[in-house]
Amino acid sequence: MSSEVELRREVRRRLEALGINPYPHSPKSRVVPVADVVKNPSIDGSVAIAGRVVGVRRHGGLIFFDIVDDGVRIQCSLSRSESRELFSFFDEFVDLGDFLYVSGTLYYTKKGELTVAVKDLQILAKALRSPPVKWGHRVLDPEVRYRKRYLDIMMSPQVRKIFEIRFRTIEEIRKFMWGRGYIEVETPILQPIYGGAAARPFKTYIWALDTEWYLRISLELYLKRFIVAGFNKVFEIGKNFRNEDIDVEHNPEFTMMESYEAYADYNDIMRLTEDLISTVAERVLGTKVVEYPVGNEKVRIDLSPPYRRLSIYDAFREYAGIDVESIPDDKLKEYLDRYSIRLVGAYDRGRAIVKLFDRVVGREHLLQPTFITDFPRSSSPLAKPHRSRPDLAERFELYIAGMELANAYTELNDPDLQATYFREEELRRSLGDLEAHPFDWDFVEALEYGMPPTGGLGLGIDRLVMVFIGTTSIKEVIPFPMIKPREFEEKEGLSG
RNA sequence: GGGCCCGUAGCUCAGCCAGGUAGAGCGGCGGGCUUUUAACCCGUAGGUCCCGGGUUCAAAUCCCGGCGGGCCCGCCA
């Protein structure tokens, strides 16, 4: 068989026959990052670098080739008249995709490009497959991009940039929270009872305990236990797992930052949230103004605080012309019918209002950062009732670019009320609501020991990055998004 | 869960409507070329046309079923 992989295995065998290891343990001498060389080129000085060969241009007695090291490209040249031996070694044994050690001297070509005149080279890792596209050109098939994301990132600086922004964002969130005196903590991913959100969980099995457990759907309940324990400011950045559909805004595992602060309420958390997002945007992107695609247009979104605060009832009045606060239940049910919204289980006014909100207040009204505040109490079993409106909860959701980015409360710390709300949730579950919150006795007991007044925040990191880079697909910002596995085919090249 | 679209060489795609020997560019391989950079020029190899069934003398093409992917809608407080 004369496939590329077989041809390259043959090259590998010829190398080995010459006593050359195609996978040496380290470069023959210390190398410096290409980024440093490019940033600070000392012409006529010698350099030793390493990287992947991503382009070769042969001109008879002269070869130009490009290597990429940690995302940075540099051109190298090899001339037959300089070294016949090196030249023919490269010609015979080096292929696109190989990792090379290169040492030589820097110069500028006629066209003014910084180039390494190669004086020595070593194969650091032989590639058996060549890259699917030329470097700098995007892999186009979305299936290949998501299944083999390493190729997508390897060949496309724009894609690499997305993930640099993602991970810089996480870094800057940490720095911001540390700077505010928060301690970063860890809580269990495997839990005997899930909670903290309305969602269906993933089940798993703990062999050692012979028990069915769950993957967490939020970080909330364990972080509040830290507040009970006496830590005043805690946060965690981690994966949540929700057994829901996969679409452009949802991946079954996604990254959240949650924070809890004693003696704060949801007003404090609104200020924290807008400070956090605007500061991180400035540090990562160098600007607080981003562009987001809406239809065929790009909309400028200004992340500078303060963000608009709009109660859910005012949002109804302003954007849907509905005075949902004062309409009777039968009228509200008419609206549900009109928008064909079905409530699972018994009718509940608060939940009906929240469902209706998602439908009637269009995304176009929630492009600029907006805190939607004061949700109906019955839709928020972990939030504290509003200080002046018992039918409402002290809760807000932050919308940017039409997406829900954050959810926060003044936390409920009354253990008896929490138990009451959990009982309501259990009732909902018995009526068929698979997303109703399970009763967590251990959490209620923790509250019985006393939790100070607390403000909490949950921030969707993936969606924040979507806003930062201006994409409508969560798959663009998740390195390895969930995709159905392919049946493994024993193909030539994998079997060895 | 419903709808629309896509699956052909390593990559990007044409061919399908109207059935008749499977194509192009890039990449690979061979050759040429000493300042190119998506290098260029000449030559050449390369296919489970996603899988299974059906119709037909004949299927990449038409029909049915399946698999995988994308987008839209529903669901996701």
Side-chain angles (χ1 to χ4, degrees), chain A residues 1-8 10-11 54-66 73-82 87 95-97 107-115 117 128-147 151 155 197-200 217-218 242-252 254 312 339-344 348 350-359 372 375-383 393 395 397 404 407 425 428 433-437 472-473 475 481 483-487 489 491-493:
Chain A
M1 152 170 20
S2 62
S3 71
E4 174 181 63
V5 173
E6 279 312 306
L7 285 169
R8 290 202 177 191
E10 186 49 41
V11 173
V54 296
V56 180
R57 295 172 293 283
R58 293 166 205 271
H59 300 265
L62 181 67
I63 297 173
F64 287 106
F65 62 96
D66 302 325
R73 188 194 72 97
I74 193 167
Q75 176 167 271
C76 305
S77 68
L78 250 178
S79 142
R80 179 156 48 207
S81 56
E82 291 269 325
F87 188 91
D95 292 300
L96 230 47
Y107 73 105
Y108 286 99
T109 62
K110 279 182 188 170
K111 296 278 171 67
E113 176 159 357
L114 183 67
T115 302
L128 296 183
R129 296 175 188 273
S130 69
V133 293
K134 288 177 197 276
W135 189 78
H137 294 257
R138 299 192 60 160
V139 176
L140 292 179
D141 184 345
E143 184 170 351
V144 173
R145 293 191 53 217
Y146 301 144
R147 275 191 205 287
L151 292 176
M155 302 317 290
R200 291 165 70 176
I217 62 170
S218 86
R242 298 187 185 175
N243 219 334
E244 292 163 351
D245 263 358
I246 303 171
D247 64 33
V248 288
E249 284 176 16
H250 299 262
N251 195 62
F254 62 101
I312 193 167
Y339 291 99
S340 54
I341 296 167
R342 281 175 299 108
L343 293 178
V344 181
D348 175 275
R351 279 167 197 256
I353 288 170
V354 172
K355 285 256 186 192
L356 194 59
F357 173 82
D358 290 338
R359 188 65 59 84
I372 299 293
F375 281 65
R377 198 254 94 208
S378 63
S379 70
S380 314
L382 300 166
R395 168 182 175 189
E397 286 185 347
E404 182 194 330
N407 185 19
E425 292 293 316
R428 276 187 236 289
D433 185 353
L434 295 173
E435 295 182 350
H437 202 294
T472 55
S473 170
K475 285 191 172 74
I483 190 163
K484 219 169 184 177
R486 273 267 166 93
E487 294 277 324
E489 293 166 42
K491 39 182 192 180
E492 156 282 315

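Sequence lines set the chain letters: A, B, ... in the order given, protein chains first and strands last, and positions in each chain run from 1.
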Which of these nucleotides, G70(B), U35(B), G68(B), is closest to any side-chain atom of Glu143(A)? G68(B)
Considering only atom C1', compute the distance from G23(B) to C49(B) and round it to an integer number of Å. 12 Å
Using a cut-off of strictly less than 4.0 Å, decide whether Lys134(A) has a side-chain nitrogen or oxygen near OP1 or OP2 of U12(B). no
Indicate yes or no: does Arg242(A) engage Glu435(A) in a salt bridge with an N to O separation below 4.0 Å. no
Short side-chain N/O contact from Arg57(A) to OP1 or OP2 of U36(B), under 4.0 Å: no
Which part of the nucleic acid, if any, lies within contact of Asp433(A), taking any heavy atom under 4.0 Å across all strands shown: a base, the sugar-phosphate backbone alone, or nothing? nothing
Under 4.0 Å, heavy atoms only, any strand: does Val248(A) hit a base, just the sugar-phosphate, or nothing? sugar-phosphate
Is Thr109(A) side chain donor-acceptor paired with the U36(B) base, going by distance under 3.5 Å alone? yes
Leu7(A) side chain, from C-beta outward: closest of G70(B), G28(B), A39(B): G28(B)
Any Lys111(A) side-chain N or O less than 4.0 Å from OP1/OP2 of U35(B): no
Taking only nitrogen or oxygen atoms into account, show me every contact under 3.5 Å that the protein makes with nucleotides 75-77 of chain B, one pair per line with its distance.
unit_1	atom_1	unit_2	atom_2	d
C75(B)	OP1	Arg359(A)	NH2	2.7
C75(B)	OP2	Arg359(A)	NH2	3.0
C76(B)	OP1	Lys355(A)	NZ	2.1
C76(B)	OP2	Lys355(A)	NZ	2.9
C76(B)	O3'	Glu435(A)	OE1	3.2
C76(B)	O2'	Glu244(A)	OE1	2.6
C76(B)	O2'	Glu244(A)	OE2	2.6
C76(B)	O2	His250(A)	ND1	2.8
C76(B)	O2	His250(A)	NE2	2.3
C76(B)	N3	His250(A)	NE2	2.9
A77(B)	OP2	Ala198(A)	O	2.5
A77(B)	N7	Ser379(A)	O	3.1
A77(B)	N7	Arg395(A)	NH1	3.4
A77(B)	N7	Arg395(A)	NH2	3.4
A77(B)	N6	Asn407(A)	ND2	3.1
A77(B)	N6	Tyr409(A)	OH	3.3

Picking from C11(B), U35(B), U37(B), which would you name as closest to the side chain of Pro132(A)? C11(B)
What's the gap between G7(B) and A38(B) when it is taken at their C1' atoms, as a whole Å value? 26 Å
Using atom C1' in both nucleotides, what's the gap between C57(B) and A14(B) to the nearest angstrom? 28 Å
Hey, does Ile483(A) reach any base, or is it just sugar-phosphate, or nothing, if we go heavy atoms under 4.0 Å? sugar-phosphate
C40(B) to G3(B) separation - P atoms, rounded to the nearest Å: 47 Å
Go through U35(B), C29(B), U36(B) for me and flag the one nearest to the Asp95(A) side chain. C29(B)
Which one, G69(B), U37(B), C11(B), comes nearest to the side chain of Gln75(A)? U37(B)
Please state how far atom CD in Glu6(A) lies from atom P in C29(B), giving the value in whole angstrom units. 15 Å
